[in-house]
Structure formats: C-alpha cells, structure tokens
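Contents: one structure, followed by commentary.
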Amino acid sequence: MSDRIASELDAVIVGAGFSGLYMLHHARDVLGLRARVYEAGDGVGGTWYWNRYPGARCDSESYYYSYSFSEELEQEWEWSSKYPEQPEILRYLNHVADRFDLRRDIQLGTRVTAAAWDDERARWQVSTDAGDTVMARYLISAVGCLSAANVPDIAGLDRFEGAWYHTGAWPHDGVDFSGQRVSLIGTGSTGIQATPVIAREADHLTVFQRTPNYSVPARNAPLTPEVAAEIKANYREIRRKARESFGGFPFDPSVRSALDHSEEERRAIYESLWEEGGFKFLYGSFFDIFFNEDANATAAEFIRERIRAIVEDPAVAEKLCPHDHPYGSKRPPIDTDYFETFNRDNVTLVDLRETPIEEITARGIRTTTEHHDVDVIVFATGFDAMTGSLLKIDIRGRGGLSLRDKWAAGPRSYLGLQVAGFPNLFTITGPGSPSVLSNMPVSIEQHVEWIGQCIAHLREHGVSSIEATEDAEDAWVDHVAEVASMTLFQKASSWYLGANIPGKTRVFMPYVGGVFPYRQRCDDVAAKGYEGFSLTS
Ligand SMILES: Cc1cc2nc3c(=O)[nH]c(=O)nc-3n(C[C@H](O)[C@H](O)[C@H](O)COP(=O)(O)OP(=O)(O)OC[C@H]3O[C@@H](n4cnc5c(N)ncnc54)[C@H](O)[C@@H]3O)c2cc1C
C-alpha cells in the first residue's frame, strides 16, 4: 500500500448535492458508517451551487422539491414561493448541511479523479486531485445527472474578445448585462428561464435557437401563510402521493385519455391547466400523451396555438412553434414570459435550422447569412447528461475493467444502481433509473434509502461485496430499452438519448417505467435477498 493512502473509510461519497448530502446523513447517522464526501465545488448544493444564471429556479414546486426524510426539517423550513430562485434552494441545502452537522465529513474543492477496486481487500482505492488516496468499502456516486457542463465545439470561440459563460458554471458575483449586446445559445429549460431575465437587463439579446420547444407558463406566486400551513399539515399524504406516482409528483394521476374526449372538452381541460401552470399540464392532463401520437398531437397543437396568440410577429411565432418532436419527449420547460419576450424591441430570434452558426469571431457570431455583433455569449447548452460526470472519473472495476470501456456503447447497469464488474459501487440516480424523468428528490431519497438498507444487510450478514450479475444487468438494460420503445420519448433527439453530445452513443438512458413501479421492483429485489446480485462473504 502506498504511503499516500491517508485513511480507511467505510464509504466514499462523490458529490454534495441533494444526493450526496442525504447519503452522508444516512450513511453516518443512520448506519453508523465512517463516511466522507468529496465535492469538486467550493460549497455544497450541487446543481444549485453551480447554476446561478439569471432566472435559475426549480420547475418542481418547492413543497415537493425538497427532502421528506425529516419531519422537523419539513416543518421548520419556509419556502417563499411555488418556484423559488436558485439562491433560496441553495440556502435550503446549506441549512440541511448545517442542521445535520454534515460539513465535518465533506471535503470541498476536491475532485475525485480515479477509483480502483482492490479485489483482495474488497475495497475501493479512491484518488482525488488534492492528492488524497483513501480506501473505502463502498464507493457511492452522487455526481449528479446534470453536472458536466457541455460547451459546444464551435470554431473560433478561442478568438472571441468578449466574455462567454456556460449557465451551469455561472460566476458567483453575477454578470452585469446592462448596456451589453448579449447572445444566448440554446432554448432548452435553462435558455427558456434565462431569456426573459437577460432581455430585461441587456441592451440587446439575440437568441440562437436550434430546436423550438414546448413551454407552459409556470404561474409562479408567493406561498401564502395559509397555503404553506395547509401543505405542512398534509405533508405525509403529499409525500405518499409523490412516492406512489408515475413521475414523483404529488398529483392525482390522470386516468383520462385525450382521445376519449370531444374537442371542446379537451380544450377546456388544457385551458384550465394552462391557467394553473407548471408540470400539471403534462402530468395531470391525459395519461396517453406519453404513449399515443394522436393524443400527444392534441396537446402539442394547443401549445402551438398559444404561442401564435402570444407572439405578435407571425414569422417569429412560426419559428418558435415546435414541430419536430412530440410534446414531453424532451425535458419539458416551464416559463415566466418566455414567448412574450419575443415581442420586445431588443430581442431577436435566429433560427439555426435556417441559418446555422459557421463560426465565432472576435466580435460575435457568424451564421451562414450574417454576422451578429455581440459583447457576451451565454451558452445554455446543457450537460453531458447522466454519464458525463461519472465517466470523467477513471473508474476501474474487477480485473482493471474500465467503466469508460464498459459504457462505450451506452451505459449498462442493473436497476441504475449497480454495474456488473464494479462491486460495492452504487450510483445514485444512475442511468437505468427514473432519475431525470422524475421529480428528483423523490428518486434520490428512494435510492439513498435502498442503498442504506442494502449496506445494512451486507454488514448484518458478514458480506464483503455485492455486485450485479451480468444476466441481471442484461435483462434490465433490455427492459429499460423495451419500455422506452413503447413511448414517444424515442421520437426526439434529446439529451435523454445523448443526442446533444457529438459522438455519444444514442441510448435512451433513464427508466420510463414510472417511479412507483420502479420502487416496487427495487424493494422486491431486496426482499428476495438481492436477487440479481452476487454477494461474497
Ligand atoms: C437548472 C436546473 C434546474 C433543475 N430543476 C429541477 C427541478 O425543478 N426538478 C427536479 O426534479 N430536478 C431539477 N433539476 C435536476 C437536479 O440536478 C436535481 O434535482 C438535483 O439537484 C440533483 O442532485 P444530485 O445531488 O444528484 O446532483 P447535483 O446537484 O448535480 O450534485 C452533484 C455534485 O457532484 C459534484 N461532482 C461531480 N463529479 C465529481 C467528482 N468527480 N468529484 C467531486 N465532486 C464531483 C458536482 O460538483 C456537484 O456539486 C434541475 C437541474 C438543473 C441543472
């Protein structure tokens, strides 16, 4: 063993966002493990530490975009509004770190660079960019699905004389857009949140759009004391509903088919959900929106009608109308005045399908037809989702097997929790689990608690390692693909498929089978003595 091996731990947890914080609390305070978190950022919070762009906020409502594991925490924390801004969510996660005394076991500013399984000792040897090397029985990835920022490789960026930023690595002291000509590239959820806010601050904003997106109004509003009190009084039922739902949202599930209603009835339902705002439009309207193209087309057309009604210039409205993918098959954005922003005099839309970017120059962006002079470029171009951060770590399993090699043709896992050949490595919200298709705190808590229960079982039974079998993994990968093929998700070039990253193998990565059926499957596997895993004493 090298001299640099500083300590021996039960568990190393990588990442201090929603997942890593709860995993540390659970591992240390419930299971009694010696656990340490390594976090690349200089603060806790994960997504909410990094994404400080103007307009950043959650799209899940605050009362269910939060932890459920502590009733005291639930009761004492006051959310200001339905969709709080990033600083408030970051304050919440910092409060969690303080309240549960987590900081003493978190090493900030430290990136895990490599991890190798030592078969003889049945432990992981974990190395960091700070020079630490530690041995740990369990390696738990909490690296996040959306934490590896993707800056597109556009020729000439290095020559640009203005400033440029990626929304997922935003400067902590903010960016002053006043008097600036700003360009924003990307119209996913982030671009849609940022556009109205930047437009209000900047001298001029040019939005570069490749794919027009369906967006529904958020209808943000303060949480009145009455509403907050009612939520707090009903939290157990709210949490139960969320856990037992399809998407992790505490809504009554829709049992209606869009096709069983007359045009008039359907419109009334869509109109009322449009007025209410938020994810309910997708998750609470008609169940067959996800599966049936004709059902989906009714929602898609309704949204297009709304865009045409809001945007005054018909040519701009047409460019903003989504046309090449079903509604909900990409991450559904919700917005505050997104489409309205294109009625401002200081906002221009550039359709990259008509006029693609050729290069970035010293002074701006050149498309096939014109040069746009800009002072600032904002990349709202998302992430190398689901696998990006994990594969940045050089992870070597049994016999030196590299995770990068194993996943070269797309991620393979059993239940999104473990990978064959990588004993005692757990992946919170890993590919093959509902993760990004759900309200994530629900999926995160389910994974943390399942992993905790599994580790407790191993310790009770003197088991030194657990590993998914190849057969179980193959069957699960096939199942994930089969379920996805029954939905409309396959019809979009989305980051769910890795389509935003050049060269990434296109495989549908999250599990579409639903949060509750998935939970039942995981519980069933555990109840059957960890069926599909091999346990070694
Ligand atoms: C702008 C934005 C808005 C979102 N809104 C919603 C929403 O409304 N509802 C919802 O359900 N989800 C939303 N999400 C998804 C969000 O990522 C999850 O809800 C949740 O925050 C994920 O928590 P996490 O701890 O799993 O990952 P993260 O919060 O991403 O944390 C992972 C942490 O791991 C660290 N890390 C990664 N690799 C290493 C390494 N090698 N070494 C050390 N540290 C490392 C990162 O620095 C990061 O801090 C949103 C995401 C974004 C980007």
Side-chain angles (χ1 to χ4, degrees), residues 10-15 19-20 23 26-27 31 33 35 112 115-119 122-124 126 136-145 386-387 389-391 393 395-399 401-407 410-435 443-459 461 463-481 507 509-511 513 518-537:
D10 295 316
V12 161
I13 300 162
V14 191
S19 300
M23 191 70 241
H26 196 83
L31 302 176
L33 302 186
V112 170
W117 174 249
D118 178 337
D119 215 17
R123 278 173 175 73
W124 282 95
V126 180
R137 175 75 74 189
Y138 308 106
L139 174 60
I140 305 176
S141 162
V143 296
C145 294
M386 305 210 66
T387 56
S389 284
L390 200 53
L391 292 181
I393 306 172
I395 302 180
R396 307 268 166 173
R398 209 135 36 72
L401 175 66
S402 141
L403 188 64
R404 287 176 193 152
D405 289 345
K406 168 143 186 173
W407 282 8
R412 305 186 67 74
S413 80
Y414 179 37
L415 298 170
L417 276 161
Q418 268 222 333
V419 183
F422 296 80
N424 289 7
L425 166 66
F426 296 96
T427 50
I428 302 176
T429 66
S433 72
S435 59
S443 293
I444 288 169
E445 288 193 321
Q446 185 247 335
H447 266 189
V448 168
E449 286 157 17
W450 191 93
I451 293 166
Q453 194 192 0
C454 173
I455 291 176
H457 174 91
L458 304 182
R459 286 160 71 85
H461 295 83
V463 174
S464 56
S465 71
I466 180 168
E467 180 187 344
T469 66
E470 293 276 357
D471 285 352
E473 183 176 272
D474 289 348
W476 185 253
V477 169
D478 289 349
H479 175 63
V480 170
V507 169
M509 293 181 284
Y511 178 56
Y518 172 79
R519 174 188 294 270
Q520 289 175 309
R521 177 71 181 258
C522 293
D523 290 349
D524 191 45
V525 161
K528 290 182 176 149
Y530 295 91
E531 188 179 53
F533 291 95
S534 80
L535 278 60
T536 310
S537 296

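For the pair Trp124 (side chain) and Gly397 (backbone), a donor-acceptor distance under 3.5 Å is absent. Without hydrogens or angle criteria, Ser433 side chain to Leu415 main chain gives no donor-acceptor distance under 3.5 Å. Between the Arg137 side chain and the Ala122 main chain, a donor and an acceptor come within less than 3.5 Å of each other. With hydrogens and angles ignored, the 3.5 Å screen pairs no side-chain donor or acceptor of Trp117 with any backbone N or O of Arg396. With hydrogens and angles ignored, the 3.5 Å screen pairs no side-chain donor or acceptor of Glu467 with any backbone N or O of Ser534. For Asn424 (side chain) and Ile466 (main-chain N/O), a donor-acceptor pair under 3.5 Å exists by modelled atom type.
For the pair Trp450 and Ala526, the tightest heavy-atom approach, listed with the atom from each and the gap, is NE1-CB, 3.9 Å. Nearest approach of Ala35 to Ile13, heavy atoms of both residues: CB-CD1, 4.3 Å.
A distance of 5.0 Å separates CZ of Phe426 from CD1 of Ile455, quoted to the nearest 0.5 Å. Note that the NE2 atom of His447 and the OG1 atom of Thr429 stand 7.5 Å from one another [nearest 0.5 Å]. Arg519 CZ to Glu449 CD: the interatomic distance, rounded to the nearest 0.5 Å, is 7.0 Å. In this structure, Leu401 CG and Ile395 CD1 are separated by 11.0 Å, a value rounded to the nearest 0.5 Å. Rounded to the nearest 0.5 angstrom, Met509 CE and Cys145 SG are separated by 9.0 Å. Rounding to the nearest 0.5 Å gives a distance of 7.5 Å between CZ of Arg521 and CD of Glu531.
Using cut-offs of 30° and 60° on the angle between ring planes, the pair Phe533 and Tyr530 is perpendicular.
Between Lys528 and Asp524, at least one side-chain nitrogen of the basic residue sits less than 4.0 Å from a carboxylate oxygen of the acidic one, meeting the salt-bridge criterion.
You'll find the side chain of Arg412 stays beyond 4.5 Å of the side chain of Val419, heavy atoms only. Between Ser435 and Met386 the shortest side-chain heavy-atom distance falls below 4.5 Å. A 4.5 Å side-chain heavy-atom check between Arg398 and Phe422 finds every atom pair outside the cut-off.
Between Trp476 and His479, the ring centre distance stays below 6.0 Å.
Of the listed residues (Leu391, Thr427, Leu390, Ile428), just one forms a side chain to side chain contact (heavy atoms under 4.5 Å, CB included) with Val143, and that residue is Leu390.
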One pair to check against side chain to side chain contact (heavy atoms under 4.5 Å, CB included): Leu31 and Arg459. What are the steps and the verdict? CA-CA 10 Å; Leu31 302 176; Arg459 286 160 71 85; 5.8 Å; no

